[in-house]
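As the structure is a computational prediction, the values presented were derived from the model and not from experiment.
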Amino acid sequence: FVISREGYIVTNSHVVEGADEITVLFSNEKEYKGVIIGRDSRTDVAVIKIDSGRSSLPAIPLGNSDQVRIGDIAIAIGNPFGLSGTFTLGVVSARGRDDIDADAGL
């Protein structure tokens, strides 16, 4: 998702891992070339940057994770497995789980 009108986008690290080229396609069919600004495999987060020219992009500001409370609603939006427009809704059940093994089935 776009986090700034200047073209910074957050995505999953595994999506851009090993990529020689980055192309971002928006739902309005506009396509932009991008570059990887940074990525973290452990948290599976990456930041890319596109040049939208003179167009100002609609952006969603990031929240402050220090303000998240147990019971808050969490939303994940994406395109897994080539599906378009997926939306998942959940509830924050705990905080401070930095050392969770994602493969443990918790």
Side-chain angles (χ1 to χ4, degrees):
F1 54 92
V2 179
I3 59 169
S4 79
R5 295 184 184 280
E6 293 78 28
Y8 289 95
I9 298 173
V10 173
T11 189
N12 296 105
S13 179
H14 73 267
V15 170
V16 297
E17 183 177 7
D20 293 326
E21 293 183 357
I22 304 292
T23 302
V24 177
L25 176 64
F26 286 90
S27 59
N28 64 1
E29 303 298 322
K30 288 192 177 182
E31 191 173 287
Y32 301 95
K33 297 293 181 193
V35 295
I36 299 171
I37 299 299
R39 51 184 288 272
D40 179 51
S41 297
R42 184 179 158 290
T43 58
D44 197 26
V45 174
V47 176
I48 60 176
K49 170 95 168 62
I50 63 171
D51 180 3
S52 62
R54 295 182 178 204
S55 300
S56 180
L57 298 168
I60 298 173
L62 291 178
N64 182 340
S65 61
D66 290 335
Q67 296 177 352
V68 172
R69 299 171 299 174
I70 294 172
D72 281 351
I73 293 174
I75 300 170
I77 302 170
N79 298 312
F81 312 114
L83 302 172
S84 61
T86 63
F87 178 93
T88 302
L89 181 67
V91 176
V92 175
S93 60
R95 291 183 41 138
R97 292 184 176 174
D98 291 338
D99 296 325
I100 292 288
D101 181 356
D103 296 326
L106 297 176

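In terms of hydrophobic clustering, with Ile, Leu, Val, Met, Phe, Trp and Tyr side chains grouped at heavy-atom distances under 4.5 Å, Ile37 and Leu62 are assigned to a common cluster. Note on Tyr32: it does not cluster hydrophobically with Tyr8, by side-chain heavy-atom contacts below 4.5 Å among ILVMFWY residues.
Residues forming a side chain to side chain donor-acceptor pair (under 3.5 Å) with Ser13 (at least two apart in sequence, or on another chain): Arg39. Among residues two or more places apart in sequence or in another chain, the side chain to side chain donor-acceptor pair (under 3.5 Å) test is passed with Ser4 by Glu6.
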For residues 17-29, tabulate all N or O donor-acceptor pairs below 3.5 Å that involve a side-chain atom, not counting sequence neighbours.
residue : atom : partner : partner atom : Å
Thr23   : OG1  : Lys33   : NZ           : 3.3
Asn28   : OD1  : Lys30   : N            : 3.0

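When every heavy atom of Ala59 is checked against every heavy atom of Ile3, the shortest pair comes out as CB-C, 3.8 Å.
Atom CG of Asn12 and atom CG of Asp40 lie 12.0 Å apart (nearest 0.5 Å). Note: Ile36 CD1 to Ile9 CD1 = 12.0 Å, rounded to the nearest 0.5 Å.
Applying the side chain to side chain contact (heavy atoms under 4.5 Å, CB included) test between Val16 and each of Val47, Val35, Ile48 identifies Ile48 as the sole match. Checking each of Val45, Val2, Ile60 against Val10 for a side chain to side chain contact (heavy atoms under 4.5 Å, CB included) leaves exactly one that passes, namely Val45.
Counting heavy-atom neighbours within 6.0 Å of Leu89 CG, excluding the residue itself, gives a total above 12.
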